[in-house]
Amino acid sequence: MPVSRRTLLKASAVVAGSGLIGGLAARIGAAATAPDVLEARFADASIAADGVTKKIMTYGHEGMPPVLRAHKGKPFAMRLLNSLDEPTTVHWHGVRVPNAMDGVPELTQPYVYSGDTFDYAFTPPDAGTFWYHPHCNTLTQMGRGMTGLLIVENPADPVFDADIPINLRDWRLGKAGEFIAPFKPRDAARTGTYGTVRTANWQREPRYDAPAGGLVRLRLAVTDVTRIYTLNMEGADSRIVAIDGNPIPAPFAVDHYDFGPGQRLDVIVRMPDGEGATVTLSNARGNNPWVIATLRSVGPSLKRDLRDVKALEPNPVAEADLDNATEIPLELTATAENTASPSICGSIGYTFWAINRIPWPGDTPDPIAPLAEMKLGKSYIFNLSNRTPHTHPIHLHGMSFRVLNSNKRAVLSHMTDTMLLLPDEQVQVALVADNPGDWVMHCHIIEHQKTGMTAYVRVV
Ligand code: C2O
Ligand code: CU
């Protein structure tokens, strides 16, 4: 819970004790239904080894944005209070919300200006690991800290001995901990610009204690603006049980699993029996693997068994009718380099990328036509084709889709909201257009998104 919730409760207690009889019942009634407040604000924090990083952008008052918890099928409400000095919004990544709650300026809601509030309210249909972030000036706002986890709980979930959310991200900091230029144009036109300081839950190589012989549910989310991870684990048996919030039918061990910006993994770890034994989570991508975090066994062994874990309940996502689905081509390309016009939600000044030949940065008052108009309730197949030599995590708002096949590899046929497309890969994904509205679709490498790799579909 953000601290502001407690502040609100305190405030209502003051009203109750102040002897203002007139309207007291109404005030108490209002307090009982007042939403929690998520304050977007500036803060200072120690991220780099030396020095304090000033003007971090975050939510809440506890350093890292709070891990929010919602419940499957139960109403969730959150009031965004903007204490930044620029407009912002909140997007609930992966949650199938009504269009007006999706957080995309111009397309789904007004900008939330400095000092203003916006009430988000929705009932999450799916349980799992999700996250939240702004959809305005995102390279800066997300790059400077505004990325948090949202866990949607299900009372039917199996019980674990520990539940550890891990927010994976980097920071572009100089030697004294100061923010440096958020990107290099040369890199934006390639893989994206990497951070200089790598963190898990805003810490470098944090260690978490967990019961020896116990079962831990790790909830990993890549909230970084650029980095793709190859996740590896040593020292314990593990099972990936859900990908991007959706349970998978055949869990498998963590062994060099690739996942990128926007994506999540739920991993069950069976802690070693010996007190003090450690489990190491690392990023094995590139030439220099490095430690993300470690887990340490504490106490006498609980002697649990990975096979005791009952399967997670599947989310109620409609299955596409493949025999009657309409195909939609979706081609990712580089585009002629160009300058981009300024926008209320920030522009990084360049155009490098396009979807179906149209470069569009999104989050702008300057709309383009939808990439496709889809009929409510009908099935569609997106033919995603990556005509670039880079990997792109492609994210669709508002609806989940099933991965069908790839021309390059055997794919897990899982349900997701963000698909990692390999260089020159062609992938088919299927969905039912069951959520009305305009939904953006973009690469989640934010420099790619903001330099043209964005489009939207319309469901009517
Ligand atoms: Cu996390 Cu538009 O997305
Ligand atoms: Cu990309």
Side-chain angles (χ1 to χ4, degrees), residues 38-43 45 47 53 55-60 63-68 80 82-95 102-105 111-112 120 130-150 165-173 179-184 187-188 191-202 220-229 259-264 343-349 361-364 392-395 397 417-418 440 442-451 453-454:
L38 188 65
E39 185 178 359
R41 58 191 287 272
F42 291 110
I47 307 282
T53 304
K55 278 228 152 180
I56 279 175
M57 293 166 123
T58 187
Y59 295 104
M64 184 173 78
V67 175
L68 300 177
L80 168 68
N82 183 3
S83 300
L84 303 170
D85 59 4
E86 60 180 59
T88 191
T89 60
V90 183
H91 169 59
W92 312 92
H93 183 121
V95 185
D102 196 44
V104 181
Y111 305 97
V112 183
Y120 291 96
F130 302 92
W131 65 295
Y132 62 98
H133 60 77
H135 227 280
C136 187
N137 198 17
T138 42
L139 189 62
T140 298
Q141 293 185 10
M142 292 169 66
R144 288 192 170 222
M146 295 170 77
T147 63
L149 269 66
L150 169 64
I166 301 189
N167 182 342
L168 295 172
R169 56 165 301 149
D170 299 348
W171 304 78
R172 295 225 358 115
L173 303 178
F179 281 110
I180 57 174
F183 76 103
K184 299 176 189 157
D187 289 346
T191 57
T193 312
Y194 291 96
T196 58
V197 176
R198 306 176 293 228
T199 59
N201 291 338
W202 287 31
L220 299 142
V222 180
T223 77
D224 191 53
V225 293
T226 308
R227 187 180 296 281
I228 296 163
Y229 289 73
F259 74 137
Q263 300 189 296
R264 293 87 65 205
S343 143
I344 293 177
C345 279
S347 159
I348 72 173
D363 310 337
T364 144
H392 302 283
I394 300 298
H395 172 49
H397 288 209
D417 50 72
T418 311
V440 282
H442 59 83
C443 179
H444 225 288
I445 291 174
I446 305 299
E447 288 157 76
H448 294 177
Q449 174 192 4
K450 295 296 272 185
T451 57
M453 206 177 272
T454 306

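Numbers here are sequence positions counted from 1.
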Could you walk me through whether Thr53 and Val197 pass the side chain to side chain contact (heavy atoms under 4.5 Å, CB included) check? CA-CA 12 Å; Thr53 304; Val197 176; over 6 Å; no
Before giving the answer on side chain to side chain contact (heavy atoms under 4.5 Å, CB included), spell out for Ile394 and Met453 the whole-Å C-alpha distance, their side-chain angles and the decisive distance to 0.1 Å. CA-CA 9 Å; Ile394 300 298; Met453 206 177 272; 4.3 Å; yes
Does Trp202 form a side chain to side chain contact (heavy atoms under 4.5 Å, CB included) with Ile47? I'd like the steps, not just the answer. CA-CA 7 Å; Trp202 287 31; Ile47 307 282; 3.7 Å; yes
Between Tyr59 and Val90, does a side chain to side chain contact (heavy atoms under 4.5 Å, CB included) hold up when you go through it step by step? CA-CA 10 Å; Tyr59 295 104; Val90 183; 4.1 Å; yes
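Taking every heavy atom of both residues into account, Pro65 and Thr147 meet most closely at CG-O, 3.5 Å. Contact record, Asp363 with Pro105: OD1-CD, 3.9 Å, taken as the closest heavy-atom pair. Taking both residues in full, the closest heavy atoms of Ile344 and Pro87 are given as CG2-CG, 3.7 Å, listed atom of the first, atom of the second, then distance. Taking every heavy atom of both residues into account, Gly143 and Val225 meet most closely at N-CG1, 4.0 Å. Nearest heavy atom pair, residue Thr58 against residue Gly63, reads OG1-O, 2.8 Å. Heavy atoms only, all atoms of each residue included: Lys450 and Cys345 are closest at NZ-O, 3.1 Å.
Separation of atoms CD (Glu447) and OG1 (Thr138) is listed at 10.5 Å; rounding is to 0.5 Å. Atom OG1 in Thr193 sits 11.5 Å away from atom CG in Asp170 (nearest 0.5 Å). Rounding to the nearest 0.5 Å places CH2 of Trp131 at 12.0 Å from CG of Leu150. The CZ atom of Arg169 lies 10.5 Å from the CE atom of Met146; values are rounded to the nearest 0.5 Å.
Side-chain contact of Thr199 with Trp171: a donor-acceptor pair under 3.5 Å is present, judged by distance alone. Side-chain atoms of Thr223 and Asn167 include a donor-acceptor pair closer than 3.5 Å.
With sequence neighbours left out, the side chain to side chain donor-acceptor pair (under 3.5 Å) criterion links Thr196 to no other residue. The ring pair (Phe, Tyr, Trp, His ring centres under 6.0 Å) check on Tyr120 picks up Trp92, Phe118, with sequence neighbours excluded. Contacts of Asp417 classified as side chain to side chain donor-acceptor pair (under 3.5 Å), with partners at least two apart in sequence or in another chain: His93, Arg264. Applying the side chain to side chain donor-acceptor pair (under 3.5 Å) criterion to Arg172, with sequence neighbours excluded, gives no partner residue. Contacts of Thr454 classified as side chain to side chain donor-acceptor pair (under 3.5 Å), with partners at least two apart in sequence or in another chain: none.
Ring centroid separation for the pair His442 and His448 does not come in under the 6.0 Å cut-off.
Residue pairs meeting the salt bridge (Lys or Arg N to Asp or Glu O under 4.0 Å) criterion with at least one partner in residues 85-95, sequence neighbours excluded, are Lys55-Asp85.
Classification of the His133-His444 ring pair by plane angle, with boundaries at 30° and 60°, yields perpendicular.
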